[in-house]
2 protein chains.
Amino acid sequence: MKQKKDLSQLLREKGYKITAQRKAVLDVVEAHDGEHLSSQEIYDLVRKKFPEVGVATIYRTLPVLEELGFIYAVDFEDGCTRYELHRTGQTHRHHHLLCERCKKITEVEDDLLEEIEDKIYGNYGFKIKDHRVKFYGLCKECDNKDNKDNNDGFDT
Amino acid sequence: MKQKKDLSQLLREKGYKITAQRKAVLDVVEAHDGEHLSSQEIYDLVRKKFPEVGVATIYRTLPVLEELGFIYAVDFEDGCTRYELHRTGQTHRHHHLLCERCKKITEVEDDLLEEIEDKIYGNYGFKIKDHRVKFYGLCKECDNKDNKDNNDGFDT
DNA sequence: CATACCTTGACAATCACTTTTATTTCAAAA
DNA sequence: TTTTGAAATAAAAGTGATTGTCAAGGTATG
């Protein structure tokens, strides 16, 4: 509904053919907005609708969808490439908070970096177009639990 | 000379054995301060001194040196893990500027993130311990060349 | 609907990295 | 020193994600 109409159009503009597989892959990622699916997970999900699809097709399609701006590749260094939906209206990649304890991943929509990017342009003359930012630490829940544990349970 | 003395000590503290291979790996990374060597590059360099060393030793040693705080793993998504020296005095990982044109990698020693990290703690309760930040764009030289080309040449 | 060529699926190959295995080294005890 | 068992090693085989190959099939245009 939203950008589905654009897929055909964008594919055509870039000289790619419009295929059911490409639509299916985008469908899957869109249906899992907010998640960070691995290529294999996407493969499995696409196969539910198209059991005959090949792995290679998935691996070939994802970079195309990324090139067209529908999805972003993200890397949480767990040994595979993951993808997330590029929501319409997003201008930059958002940041991720990775909890070291529970492994939960939180998205930070606020950009917060403009000031820094200006400073870097001033200091280095480097013109920033995009960024990838990951913060590692403890999420609220794990941090609270930690503090409670440290007080030997005398505190709630 | 600087932290070489500490290696033995730190290895011992963590219950690791002091081996010539571990020293050799650290030597190589230290000798290439400012570079971002891949595991394979480190392997090749170590073999110049210890031709009999095995790849697996390198792959096992690098995470140990990272755990001890001597080096950082960095990922420029070129298909391999790279390592850089953790210079004494550095409290956080520094940021990297990656030029899309000439592929040059510049290091940003300024942290610049404290304010943001405070905001994130306020908004999300997430306690940040470390970060990985990469900026993509054009370095000063490539940006200048771009502008000159656009002014000199014809308009397309 | 026929042609040209893009895309696909199957599967082998590759690539970075890990595990296994047999062997060696280490540091402390005897 | 020599002994000894845990830890570390090299080499090779294994792993799992990703890519390459190629014949067959699908898509866009005349």
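By convention in this document, chain letters (A, B, ...) are assigned in the order of the sequence lines, proteins followed by strands, and residues within each chain are numbered from 1. Just so you know, these numbers use all the heavy atoms, side chains as well, and skip hydrogens, waters and symmetry mates.
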B:H92-B:H94 aromatic ring centre distance below 6.0 Å: no
Determine, for B:E109 against B:R87, whether the closest basic-nitrogen to carboxylate-oxygen distance falls under 4.0 angstrom. yes
Whole-Å distance separating the NZ atom of A:K14 from the P atom of D:dA28: 18 Å
Sequence neighbours excluded, every pair satisfying salt bridge (Lys or Arg N to Asp or Glu O under 4.0 Å) that has a member inside residues 92-104 of chain A: A:E66-A:R93, A:R93-A:D130, A:E100-B:K129, A:R101-A:D146, A:K104-A:E141
Within residues 71-82 of chain B, those residues having any heavy atom closer than 4.0 Å to DNA chain D are none
Could you give the angle between the helix axes at the two ends of the helix from C:dC1-D:dG30 to C:dA30-D:dT1, with five pairs per end, rounded to 10 degrees? 30°
Do side-chain atoms of B:Q9 reach the backbone of B:D6 as a donor and acceptor pair under 3.5 angstrom? no
Rounded to the nearest Å, what distance is computed from the CZ atom of residue A:F50 to the P atom of nucleotide D:dG25? 18 Å
N or O in side chain of B:S39 less than 4.0 angstrom from C:dC17 OP1/OP2: yes
Looking at A:E77, is its backbone amide N or carbonyl O close enough to the side chain of A:D75 to form a donor-acceptor pair, meaning the two atoms are under 3.5 Å apart? yes
Check whether any side-chain heavy atom of B:C139 sits under 4.5 Å from a side-chain heavy atom of B:L97, and report yes or no. no
Could you list all N or O pairs between the protein and nucleotides 4-11 of chain C that sit under 3.5 Å apart?
{"from": "C:dC6", "atom 1": "O4'", "to": "A:K17", "atom 2": "NZ", "distance (Å)": "3.1"}
{"from": "C:dT7", "atom 1": "OP1", "to": "A:K17", "atom 2": "N", "distance (Å)": "2.8"}
{"from": "C:dT7", "atom 1": "OP1", "to": "A:R22", "atom 2": "NH1", "distance (Å)": "2.9"}
{"from": "C:dT7", "atom 1": "OP1", "to": "A:R22", "atom 2": "NH2", "distance (Å)": "3.3"}
{"from": "C:dT8", "atom 1": "OP1", "to": "A:T19", "atom 2": "OG1", "distance (Å)": "2.9"}
{"from": "C:dT8", "atom 1": "O3'", "to": "A:Q21", "atom 2": "NE2", "distance (Å)": "3.1"}
{"from": "C:dG9", "atom 1": "OP1", "to": "A:Q21", "atom 2": "NE2", "distance (Å)": "3.2"}
{"from": "C:dG9", "atom 1": "OP2", "to": "A:G54", "atom 2": "N", "distance (Å)": "3.2"}
{"from": "C:dG9", "atom 1": "OP2", "to": "A:T57", "atom 2": "OG1", "distance (Å)": "2.3"}
{"from": "C:dG9", "atom 1": "N7", "to": "A:R60", "atom 2": "NH2", "distance (Å)": "2.9"}
{"from": "C:dG9", "atom 1": "O6", "to": "A:R60", "atom 2": "NH1", "distance (Å)": "3.3"}

Please report whether the ring centroid of A:H86 lies less than 6.0 Å from that of A:F70. no
Rounded to the nearest Å, what distance is computed from the CG atom of residue B:L11 to the P atom of nucleotide C:dA27? 11 Å
Can you see if the side chain of A:Y59 gets near the phosphate of D:dT19 - specifically, an N or O under 4.0 Å from OP1 or OP2? no
So that I can tick it off, tell me whether A:E117 and A:K127 are bridged by a salt bridge, with the cut-off set at under 4.0 angstrom between side-chain N and carboxylate O. no
Side-chain donor-acceptor pairs under 3.5 Å in residues 43-51 of chain B, sequence neighbours left out?
{"from": "B:Y43", "atom 1": "OH", "to": "B:R47", "atom 2": "NH1", "distance (Å)": "3.4"}
{"from": "B:D44", "atom 1": "OD1", "to": "B:R47", "atom 2": "NH2", "distance (Å)": "2.8"}

Quick one: name the residues clustered hydrophobically with B:V74, using the 4.5 Å side-chain heavy-atom rule over I, L, V, M, F, W, Y, and just say none if it's on its own. B:F76, B:L98, B:I105, B:Y136
When you check the side-chain N and O atoms of A:Q40 and A:Y59, is any donor under 3.5 Å from an acceptor? yes
